[in-house]
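To keep things clear, I will list the structure first and then write my remarks on it.
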Amino acid sequence: LYTIKFEVLNDDNDVGDEMAVMSNVYRRLLGNTIYSSTQLQKRFYDLPLNGIKVIDMSRVLAAPYATMNLADLGAHVIKIEKPFSGDETRSWGPPFIADSLSNYFTCCNRNKQSIAIDYRSEKGKQIILNLLSDADVFVENFKPGTLKKYGLDYESVSNINDKLVYASLSGYGKDGPYANQGAYDLTVSAEGGLMGITGNENEAPVKVGVAITDVCSGLYLAFSILAALYQRNHTGVGQVIDASLFSTQLSVLVNVAANYLNSGIIARPIGSSHSSIVPYQSFSTKDGYIVVAANNDSQFHELGEALELPWLSSNLKFSTNDNRVKNREQLLDYLSKRFSGKTSDHWIEKAKCYSFSINPINNVHQAFEHPQAVHSKIVKTSYNEAIDTHIKMVGHPVRYNNVDPVNYRAPPILGQHTHEILIALGYTKDEITQMQAEKVIQIAKI
């Protein structure tokens with residue numbers, strides 16, 4: 001977030017006036033919600049990453065998702081974007097919320113400031129170096145070697161700040177035969193084995209419904225940054241983090257990877273079912289679809305009772321999970337016929353008396369209307385005063401027992417904070433005007 005120093009100028013100042021000033025500053029930072037001064041101080045200072053400054057030079061989803069998670073927890077994140085176009089995802093629509101503000105962009109860029117700088121220019125590079133001089137973290141996802149051409153590689157910037165954690169995320173990492181290969185979630189999920197196990201057998205491969213390789217890469221990057229910051233507390237110096245979409249994709253193959261590495265099993269697409277657990281998949285009902293999870297022998301015994309097929313669990317072909325996997329097709333034939341005879345609600349309600357699970361397959365609307373989603377208040381609303389618009393978003397999913405971890409500041413429009421950041425760095429109005437005329441920077445029209 002921000003580091004703010006309040007000073008009493010003389011002994012005659014009224015404490016009430018001082019708190020009123022603080023309240024106005026906090027309100028500007030935290031949005032229009034009105035808090036008492038005590039609540040404001042707790043909300044501001046209790047954020048776990050308060051005081052951590054992150055310079056975010058990344059685009060698209062994976063790395064911006066990492067920096068958004070850091071921002072959610074209190075880090076002051078400044079997002080550097082290309083003037084007049086910005087992050088590519090600003091144009092990924094429709095749907096759009098405003099000009100250069102797509103819904104896609106908003107999903108991973110809240111709680112950040114946007115400064116638009118041409119890093120290829122000498123003046124632009126100097127602005128970035130000024131920002132990095134006292135930063136804790138620098139995040140970038142250019143092709144390896146790109147920033148070295150502009151004097152923004154680790155060797156260059158560590159000369160001015162050896163405490164900096166320099167976090168790079170690329171498609172395949174900084175070295176190796178594919179180091180210079182560009183990559184997106186789709187291409188890496190295909191090449192990294194995920195699409196090869198996703199979909200129905202003997203049908204064309206399909207991708208997962210969201211960019212899960214990007215999302216997992218962002219999460220790996222975020223906790224790697226936290227680990228590096230923790231280590232810096234002991235060593236006093238920063239370090240380089242080299243993360244990649246491809247390595248992340250291989251790591252999240254989890255049990256599929258273990259089956260191949262240790263048993264030579266090459267997984268294939270099997271729809272919604274599980275290679276090692278039966279039944280653990282979707283079934284059609286009289287009016288829709290459900291998922292059924294009976295993860296152990298005890299739960300399978302209960303499932304037989306609920307389906308009024310008690311003989312299933314005593315049949316040697318199905319009495320153990322090992323045998324159920326071996327006789328999968330025959331068992332699924334019995335189960336499919338039984339589930340298709342009643343409605344989804346019938347089976348969901350019946351399962352509530354047992355330890356196995358039967359759940360509906362919801363669309364997005366049903367997911368957000370789910371009683372637990374409503375209870376958790378995970379949908380948040382923020383206000384961007386620059387465009388006079390309220391923006392809804394999925395909030396931070398983790399709760400803390402004594403901390404309100406997130407200030408939901410709206411995703412910024414391009415260059416929304418360019419002017420104020422440059423002023424804070426010590427640039428004069430004349431210098432800013434000159435750089436604007438030279439198109440080194442872009443300042444949003446607000």
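A 6.0 Å sphere centred on OH of Tyr260 holds no more than 12 heavy atoms belonging to other residues, nucleotides or ligands. More than 12 heavy atoms of other residues, nucleotides or ligands lie within 6.0 Å of NZ in Lys380, so this atom counts as buried by the packing criterion. When the shell of 6.0 Å around NZ of Lys82 is examined, it contains 12 or fewer heavy atoms from other residues, nucleotides or ligands. Other residues, nucleotides and ligands contribute over 12 non-hydrogen atoms within 6.0 Å of the CZ atom of Phe84. Crowding of Ile266 atom CD1: a count of heavy atoms from other residues, nucleotides or ligands under 6.0 Å not exceeding 12. Sparse packing is recorded around OH of Tyr178, with 12 or fewer heavy atoms of other residues, nucleotides or ligands lying under 6.0 Å away.
A heavy-atom distance below 4.5 Å is not found between the side chains of Arg328 and Pro279. By the 4.5 Å heavy-atom criterion applied to side chains, Gln372 and His375 are counted as neighbours. The closest side-chain heavy-atom distance from Leu152 to Met57 is below 4.5 Å. A heavy-atom distance below 4.5 Å is not found between the side chains of Ile52 and Val77. Counting only heavy atoms from C-beta outward, the side chains of Ser133 and Asn161 never approach each other to under 4.5 Å. When side chains are defined from C-beta on, Ser158 does not count as touching Leu164, because their heavy atoms never get closer than 4.5 Å. By the 4.5 Å heavy-atom criterion applied to side chains, Gln181 and Phe246 are not counted as neighbours. At least one side-chain heavy atom of Met195 sits less than 4.5 Å from a side-chain heavy atom of Leu186.
In this structure, the separation between CD1 on Ile128 and CD1 on Ile115 is 8.5 Å, given to the nearest 0.5 Å. We find the NZ-OG distance between Lys352 and Ser357 to be 12.0 Å, quoted to the nearest 0.5 Å. Residue Lys392 holds its NZ atom at 12.5 Å from OG1 of Thr106, rounded to the nearest 0.5 Å. With values rounded to the nearest 0.5 angstrom, Ile197 atom CD1 is found 8.5 Å from Ser275 atom OG. Rounded to the nearest 0.5 angstrom, Asp56 CG and Thr67 OG1 are separated by 3.5 Å. Put simply, OG on Ser344 and CZ on Phe283 are 12.5 Å apart, with the number rounded to the nearest 0.5 Å.
In this structure, a donor-acceptor pair under 3.5 Å is present between the side chains of Tyr172 and Glu191. The closest side-chain donor-acceptor pair between Asn141 and Ser58, if any, does not fall under 3.5 angstrom. For Lys326 and Asn323, the side-chain atoms include no donor-acceptor pair closer than 3.5 Å. Judged by distance alone, the side chains of Glu438 and Gln434 do bring a donor and an acceptor atom under 3.5 Å apart. Side-chain atoms of Tyr427 and Asn130 include a donor-acceptor pair closer than 3.5 Å. Counting only N and O atoms by type, the side chains of Ser156 and Tyr150 include no donor and acceptor under 3.5 Å apart.
Side-chain atoms of Glu140 come within 3.5 Å of backbone N or O of Phe142 as a donor-acceptor pair. Here the side chain of Asn321 pairs a donor or acceptor atom with the backbone of Ser276 at under 3.5 angstrom. Side-chain atoms of Glu203 never come within 3.5 Å of backbone atoms of Asn200 as a donor-acceptor pair (strictly under, hydrogens ignored). Between the side chain of Ser91 and the main chain of Glu88, a donor-acceptor pair closer than 3.5 Å is present. Judged by distance alone, the side chain of Thr235 and the main-chain N or O of Val237 form a donor-acceptor pair under 3.5 Å. In this structure, Asn69 contributes its side chain and Tyr65 its backbone to a donor-acceptor pair below 3.5 Å. Side-chain atoms of Glu420 never come within 3.5 Å of backbone atoms of His417 as a donor-acceptor pair (strictly under, hydrogens ignored). Judged by distance alone, the side chain of Lys112 and the main-chain N or O of Cys108 form a donor-acceptor pair under 3.5 Å.
Remark: of the listed residues Leu226, Leu169, Thr248, Leu169 is the sole one forming a side chain to side chain contact (heavy atoms under 4.5 Å, CB included) with Leu221. Under the side chain to side chain contact (heavy atoms under 4.5 Å, CB included) test applied with Ile413, the options Ile387, Asp99, Ile97 reduce to a single match, Ile387.
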**Request:** Begin with the C-alpha distance, continue with both residues' side-chain angles, and end with the deciding distance and a verdict on side chain to side chain contact (heavy atoms under 4.5 Å, CB included) for Leu245 and Tyr184.
**Result:** CA-CA 8 Å; Leu245 299 183; Tyr184 284 97; 5.9 Å; no
**Request:** Given side chain to side chain contact (heavy atoms under 4.5 Å, CB included), test Gln231 with Gln239 step by step and report yes or no.
**Result:** CA-CA 9 Å; Gln231 186 178 51; Gln239 63 179 294; 2.5 Å; yes
**Request:** Given salt bridge (Lys or Arg N to Asp or Glu O under 4.0 Å), test Lys207 with Asp185 step by step and report yes or no.
**Result:** CA-CA 10 Å; Lys207 71 179 185 69; Asp185 175 271; over 6 Å; no
**Request:** In sequence, state the C-alpha distance, the side-chain angles, and the governing distance for Thr418 and Gln416, and then conclude on side chain to side chain contact (heavy atoms under 4.5 Å, CB included).
**Result:** CA-CA 6 Å; Thr418 300; Gln416 182 170 340; over 6 Å; no
**Message:** Show, in sequence, the C-alpha distance, side-chain angles and deciding distance for Ser247 and Tyr220, and conclude whether the side chain to side chain donor-acceptor pair (under 3.5 Å) test is met.
**Reply:** CA-CA 10 Å; Ser247 292; Tyr220 266 113; over 6 Å; no
**Intermediate values then yes/no, side chain to side chain contact (heavy atoms under 4.5 Å, CB included), Ile421 and Leu131** = CA-CA 9 Å; Ile421 292 172; Leu131 288 169; 3.9 Å; yes
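The shortest heavy-atom contact between Ile361 and Ser282 is CD1-CB, 3.9 Å. Of all heavy-atom pairs spanning Gly173 and Ser244, the tightest one is N-CB, 3.3 Å. In this structure, Ile127 and Ile117 approach most closely via the heavy-atom pair CG2-CD1, 3.5 Å. The two residues Asn109 and Pro64 make their nearest non-hydrogen contact at OD1-CB, 4.0 Å. Of all heavy-atom pairs spanning Arg324 and Phe300, the tightest one is NH1-CD2, 3.5 Å. Counting all heavy atoms, side chain and backbone alike, Gly171 lies closest to Ala183 at CA-CB, 3.6 Å.
Classification of Arg59 and Glu81 as a salt-bridged pair fails, no side-chain N sitting under 4.0 Å from a carboxylate O. The existence of a salt bridge linking Asp118 and Lys439 is excluded, since no basic side-chain nitrogen approaches an acidic carboxylate oxygen closer than 4.0 Å. In this structure, Lys163 does not pair ionically with Asp136, as no charged nitrogen and carboxylate oxygen lie closer than 4.0 Å. With respect to Lys79 and Asp87, a salt bridge is recorded, a charged nitrogen being found less than 4.0 Å from a carboxylate O.
Note that Arg409 lies outside the cation-pi zone of Tyr383, set by a 6.0 Å cut-off to the ring centre and a 45° limit from the axis. Remark: Arg110 fails to qualify as a cation-pi partner of Tyr408 under the 6.0 Å distance and 45° angle criteria applied to the six-membered ring.
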